[in-house]
**Student:** 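Would you mind keeping the following structure in view while I ask a few things?
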Amino acid sequence: FVFVFAPRANADARYATYAPVLAMQKMEEWRAASVPIQVVDAVDYADMRGTVLTGLSEPPQAVYERRWTVETLLTAPDALVIVVTVGLARRHRAQHAIQVRLITLRSVPVPVPEGT
């Protein structure tokens with residue numbers, strides 16, 4: 001009976017390991033990047049080993065879908081809200097329910113007028 005559930009548990013553990021790593025990768029990119037000027041809403045895909053795949057649409061070998069948004073905070077215009085969400089690509093969602101979401105705030109440097 002245990003052997004029936006072991007492959008699924010193994011797959012869930014693998015998915016649950018790579019999803020946080022992919023989310024942290026993107027979050028660290030945003031923390032290290034210069035402050036974006038425009039609002040960002042983007043997506044990319046990764047294979048089963050966490051290698052990010054290039055292309056605009058979901059490639060057939062995609063296992064993970066990583067989405068991120070960068071928006072200004074309405075109550076504090078000198079702050080950005082960065083949200084990174086990693087879940088399974090469309091064809092894997094029915095079998096497993098893995099999703100990781102990271103949210104952080106980043107300040108936007110206020111320009112100092114010249115001559116002050």
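Here the structure is a predicted model, which is why all the values come from computation and not from measurement.
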**Student:** How close do Leu22 and Gly50 get, counting heavy atoms only, and between which atoms?
**Tutor:**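 So the two residues come closest at CD2-O, 3.4 Å.
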**Student:** To the nearest 0.5 Å, how far apart are CD in Glu29 and CZ in Arg31?
**Tutor:** 12.0 Å
**Student:** Going from CG on Leu102 to CD on Gln25, what distance comes out if it is rounded to the nearest 0.5 angstrom?
**Tutor:** 12.0 Å
**Student:** For the CG atom on Leu105, are there more than 12 heavy atoms of other groups (residues, nucleotides or ligands in this structure) within a distance under 6.0 Å?
**Tutor:**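 Above 12, so yes.
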**Student:** Calculate, to the nearest 0.5 Å, the distance between atoms CH2 and CZ belonging to Trp68 and Arg101 respectively.
**Tutor:**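 So the gap between those two atoms works out to 15.0 Å.
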**Student:** Indicate the atoms forming the closest heavy-atom contact of Ala46 with Leu53, along with that distance.
**Tutor:**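 Looking at all heavy atoms of both residues, the shortest contact is C-CD1, 3.9 Å.
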**Student:** With side chains defined as the heavy atoms from C-beta onward, is the minimum distance between Leu80 and Leu73 less than 4.5 Å?
**Tutor:**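 No, too far: nothing below the 4.5 Å cut-off.
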**Student:** Minimum heavy-atom separation for Met27 to Ile103, with atom names?
**Tutor:** CE-N, 4.1 Å
**Student:** Looking only at heavy atoms, what is the nearest atom pair of Val63 and Met48, with distance?
**Tutor:** CG2-N, 3.5 Å
**Student:** Taking C-beta and beyond as the side chain, do Leu88 and Tyr64 meet within less than 4.5 Å on heavy atoms?
**Tutor:**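 Yes. Closest side-chain heavy atoms under 4.5 Å.
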**Student:** Should Trp30 and Val40 count as side-chain neighbours, where that means a heavy-atom distance under 4.5 Å?
**Tutor:**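 Heavy-atom side-chain distance check passes, below 4.5 Å.
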**Student:** Looking only at heavy atoms, which two atoms of Ala89 and Glu58 are closest? And how far apart?
**Tutor:**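 In this case the closest contact between Ala89 and Glu58 is CB-OE2, 3.4 Å.
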**Student:** Kindly indicate whether the side chain of Arg66, heavy atoms from C-beta on, has any atom under 4.5 Å from the side chain of Val52.
**Tutor:** yes
**Student:** Just verifying a value: how many Å separate Gln99 CD and Glu65 CD, rounded to the nearest 0.5 Å?
**Tutor:**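 It comes to 9.5 Å.
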